[in-house]
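Okay, so here's the structure we're looking at.
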Amino acid sequence: MSSEQRKAFPFSEFEPKWQGEWEAKKAFRTPNPGDADFDASKPKYFVLDMFPYPSGNGLHVGHPEGYTATDIIGRFKKMSGFNVLHPMGWDAFGLPAEQYAIKTGTHPRVTTEANVANFTKQLKSLGFAYDWDREVNTTDPGYFKWTQWIFLKLYNSYVGDDGKAHPISELEAQGLSREEIDHRRLAYVSEAPVNWCPQLGTVLANEEVVDGKSEVGGFPVERRPMRQWMLRITAYAQRLIDELDGLDWPESIKLLQRNWIGRSEGAHVKFEISECGTRNAECITVFTTRPDTLFGATYMVLAPEHPLVDVIAASEWPANTPDAWKGDHSALRTPHSAIEHYRKQTAAKSDLERTELAKTKSGVFTGAYAINPVNNERIPIWIADYVLMGYGTGAIMAVPAHDERDFEFAKKFKIPCIPVVTPHANWFAAHASEFVITTNIENSEADLKWTVGELLKQGAMTRADLKQMLLAFYTNNCAAFKVAYSDEGVAINSGFLDGLTTAKAKEEAIKWLEEKGLGKGTTNFKLRDWLFSRQRYWGEPFPIVWENGQHRSIPESELPLLPPTLEDFKPTGTPEPPLSKATDWVQYSATAKRELNTMPQWAGSCWYYLRYCDARNSERFVGVEAERYWMTGSTDFKSEISNLKSPGGVDLYVGGTEHAVLHLLYARFWHKVLFDLGYVSTPEPFQRLVNQGLILGEDGQKMSKSRGNVVNPDDVVREYGADALRLYEMFMGPLEQVKPWSMKGVEGVYRFLARVWRLVMEVDDEGVWSISKALQDVPANKQLTKALHETIKKCGEDIEKLSFNTAISQMMVCTNTFTGAEVKPAGAIVTFLKVLSPFAPHLAEELNAQIRAKFPNLAAPGFLSDETWPKYDPAALIEDEVEVVFQVNGKLRDKARVPIQATKEEIEKIALASARVQEFMEGKPAKKVIVVPGKLVNVVV
RNA sequence: GCCGAUGUGGUGAAAUGGUAAACACAGCGGACUUAAAAUCCGCUGGAGGGCAACCUCCUUGCCGGUUCGAGUCCGGCCAUCGGCACCA
């Protein structure tokens, strides 16, 4: 028996047929403002998928999950009267094509084109309603011309005092020097230490390094100083946090971004250096979030790489320096040698080891002392690798009593610990209950011994004398505790701050510092500037040349700048990028050489959604009118946008969570720069974001080749058809949820589609399908009408909520009801097919066409996708009677059918008359009767 | 360690504070068939009682609270998954 005969309906015939029709008739071409068929009276809806990297493995079942969701939304919105923009494209620069080129010598462009062709074929076989005329490809020179152009905008902009990007020409007009201007560009060159991955032969952004290994490939990454292009994303840190507020994104993703940007408020405090007792003008500035604990600062730590370390290090150990402070034995001789040794040890540790060894603290004393500005105490200055050069000022004041890390460090090196915040009772109870306090409280002969626990029971936190005892004990024995107290409380041992709550003490401390010129309140961010260059071949070359050690942009007229033709794609093995091999290309002019780095893969994906608005524009990265319309919905192209409905332009963006702090942050940054410079109309790119959940293998594990649990969508399409694949992926469960694949589940929805098919079609003994005789031009009876209108209502509502699984189950209920009817009313079935069409477009179109052949006036004349979404009739949903549930004391005891118009009193009467209700009332009078009309009666006795 | 999400039948799941388990999968039984597949119809959370129609009790990770009524709201705990992690 051939598999062809086993098919429950001939999807393999009609699916390709409809795909061909849609393509031939450009059924999903979306006109732009200015096109003859553009209808300005309709609202717009921009629904976007995260465009794929066209890998050699082809489509994965995870791709169609999000793509089907957006396809249903897009088709539904189109039927609901929207101009829908639903495009697709290729994020095609990237490492795999380049590595394949290194192995085989095949040019990455060849590989990429083949993969794109394969992806296109696969996506088209799923019947997605994309406007293929708007297809974009980041490796297309017509596309990356504008990626390079946007880079030049970044290069030629700076962030002004108003926090917004401005053209660099403003600084030139102010007469700033070349060096000062270069210092302010949004794209700038830096010599800072970067993440170098020897195996990949490239540097990576912080976001691309996971646990000290490359995100791609999992190779070790080391820190080394290199000259690199950076993008000043930190200048937008505050806005990137603030402007999340107006977006309809999952709170968890917003939080991920907020945490990644990592804003914290505190103060910069200057500490003077006092070497061997003689004051010196040199200062160290630290960042702290707890200026209220200044009185508890008993030492200082600089990051090992901190530039002041060499300046302050003493030439010999101060008298009485404990041996433990001097580092390993081999380095005992002088502070300088100890520092040098410690730095070597630190550098030898990879990032990974540094994280793993985070538990044991290490460090060496510099031999130098600083002066605590609040009390003029001399405190030792250390270097330790638990202080990072990249955060704050690379220097801290250490308050062991109130910081876990400082506490651990101080205990190890026996540095004093002075509490300056009062812990709360629970903390003492949890960490010190057993401690014994010896005291002679009432002048008695013998010392009294109390445990802290007993003291607390006596009311140590409320009785002044006991509290004083407890705090004195804490002050003297702080180092004996197991943990530091890092919460808030009331200041003690803190001079002018005593008695203040932490919040108040912070304010006062900052005020005091500012008055004395010793510091000021500041905000700090964890976010680092974005390392933007890569030592790769297959990426956008920078439109930059170097001459006399200075960089400058090439003219816009020279864009796109194509990569050179290379035979040999191998990395050079050194940080010298592969483009250096193209010696002719490199030589820009007699005296100028091209920049050899390329842009990271993120560059192309930072703005592709904008290109979709006007993908074939050769004059501009996106046309003014197209951008204005698709991003804001406005057709007023002349005036300034005054009151935007929402900050983001794309109405719905669906994709995985893996881009939470990468693409989604980078794209927001670029968009804001373009917005500041007046090139786009909205401050944010994506108004609503939805994350689809990962699809696991049938075994509940993540799909992977090594586990052998990968499901290939092509196989599913061959066996069950595209509609079944689409429907199954939507029926599996809520879109956002992680869920395992089930082939049995695919069969389930396949059977449902076959049932729909048989509502219209019947098969004869030869296996030939023809239109069913049960299908007739008759009005639907009351029951069928109700089922149909309930389905119209629920599906419409559920699609808006992206609750596709429940919409499908409603269509199943409706189909089951229709299957049970002897005569199938053709008109009602056509309406049902309209509802089904966004989900299973091929089947719906085919059945509509079949019905049209017999009942031309009942079926849609053209594509169902050009039809209007049906309206439900509320009257059809109402029944004459409803079932009302009777409860006694909240327990279900009886039910009855009651006329829909019955009053509360009437329903109550019926309920109390029920024999079952009376039985459970046990003759007691009703204390209270709750009547919810149309639902239930609850009798309380 | 910190932050977030989730916890309901054998399975995927559903349920504006109002009949827990819709819809589907798997399983069982029946019809059709020489037979099988396909299709159609029915049953299917647990314990107990009844010849039976049916009845009673229990059940949404655990403990408590609010409420006439809690899977849903509040407080505490446990488990699983995901993210961050020496960020001063």
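Chain A is the first sequence line, chain B the second, and so forth, proteins listed ahead of strands; every chain is numbered from 1.
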*Looking at A:Gly700 and A:Pro740, what are the two nearest heavy atoms and their distance?*
CA-CB, 4.3 Å
*Look at the side chain of A:Lys361 and the base of B:C86, then say whether one donor and one acceptor between them are separated by less than 3.5 Å.*
yes
*For B:G71, decide between syn and anti, treating a glycosidic angle within 90° of 0 as syn.*
anti
*Report yes if at least one side-chain N or O of A:Arg758 is closer than 4.0 Å to OP1 or OP2 of B:A38; otherwise report no.*
no
*Pick the C1' atom in B:A88 and in B:U80, then give their distance to the nearest Å.*
33 Å
*Select one nucleotide: of B:G18, B:G12, B:A15, the one nearest the side-chain heavy atoms of A:Phe731.*
B:G12
*NA contact type, A:Pro734, heavy-atom cut-off 4.0 Å: base, sugar-phosphate, or nothing?*
sugar-phosphate
*asked:* Looking only at the side chains, is there a donor atom on one of A:Ser264 and A:Tyr391 sitting less than 3.5 Å from an acceptor on the other?
replied: yes
*Could you tell me whether the phosphate oxygens of B:A24, OP1 or OP2, come under 4.0 Å of any side-chain nitrogen or oxygen in A:Asn816?*
yes
*In what stems does RNA chain B take part, counting only runs of at least 3 consecutive Watson-Crick or G-U pairs whose two distances fall under 3.5 Å?*
B:1-7 with B:78-84, B:10-12 with B:23-25, B:27-31 with B:39-43, B:45-49 with B:54-58, B:61-65 with B:73-77
*How do A:Gly890 and A:Lys801 order along RNA chain B: which one's closest nucleotide is nearer the 5' end?*
A:Lys801
*Return no unless some side-chain N or O of A:Lys739 is found under 4.0 Å from OP1 or OP2 of B:G12.*
no
*Please measure how far the P atom in B:C57 lies from the corresponding atom in B:U6, and state the result in whole Å.*
34 Å
*Using the P atom on both, measure B:A70 against B:U60 and round to a whole Å.*
11 Å
*Within the structure shown, what part of the strands sits under 4.0 Å from A:Gly748 by heavy-atom distance: base, sugar-phosphate, or nothing?*
sugar-phosphate
*Euclidean distance for C1', B:U16 against B:G10 (whole angstrom)*: 31 Å
*asked:* Taking only side-chain N and O atoms of A:Lys891, does any of them lie within less than 4.0 angstrom of OP1 or OP2 on B:C58?
replied: yes
*Pairwise P distance, B:U39 and B:A24 [rounded to whole Å]*: 13 Å
_Using the ring centroid of each side chain, check whether A:Trp382 and A:Phe413 are separated by less than 6.0 Å._
yes
*asked:* For the P atoms, the ones on B:A31 and on B:A14, what distance do you get once it is rounded to whole angstrom?
replied: 37 Å
*For A:Gln737 and B:A13, is the shortest distance between a side-chain N/O and OP1 or OP2 below 4.0 Å?*
yes
*Aromatic contact, A:Trp427 with A:Phe481 (centres under 6.0 Å)*: yes
*Option passing side chain to side chain contact (heavy atoms under 4.5 Å, CB included) with A:Val269 (candidates A:Leu294, A:Leu518, A:Thr285)*: A:Leu294
*asked:* Could you tell me how far B:A5 sits from B:G9 if I compare only their P atoms? Round to whole Å.
replied: 22 Å
*Taking atom P in both B:U44 and B:A35, what distance in whole Å separates the two?*
28 Å
*Counting just side-chain N and O atoms, does A:Ser809 come under 4.0 Å of either OP1 or OP2 of B:A13?*
no
*Out of B:A88, B:G18, B:C86, which nucleotide sits closest to the side chain of A:Tyr386?*
B:C86
_The test is side chain to side chain donor-acceptor pair (under 3.5 Å); show your working for A:Ser914 and A:Asp894 and say whether it passes._
CA-CA 8 Å; A:Ser914 152; A:Asp894 203 2; 2.7 Å; yes
*State whether A:Lys744 places a side-chain N or O below 4.0 Å from either non-bridging phosphate oxygen (OP1 or OP2) of B:A26.*
yes
*Would you mind classifying the nucleic acid contact of A:Leu936 as base, sugar-phosphate or nothing, using non-hydrogen atoms under 4.0 angstrom?*
base
For nucleotides 52-56 of chain B, print each protein N/O atom paired with a nucleotide N/O atom at under 3.5 Å, atom names and distance only.
from  : atom 1 : to       : atom 2 : distance (Å)
B:U56 : OP1    : A:Arg916 : NH1    : 3.1
B:U56 : OP1    : A:Arg916 : NH2    : 2.7

*Of all the choices, B:G18, B:C25, B:A88, which nucleotide is nearest to the side chain of A:Thr289 once you look at every atom?*
B:A88
*Look at A:Arg751 and B:A26 and indicate whether a side-chain polar atom (N or O) is within less than 4.0 Å of OP1 or OP2.*
yes
*Under 4.0 angstrom, heavy atoms only, what part of the nucleic acid is A:Ser742 near: base, sugar-phosphate, or nothing?*
nothing
_Does A:Asn805 reach a base, just sugar-phosphate, or nothing at all? Heavy atoms under 4.0 Å._
sugar-phosphate
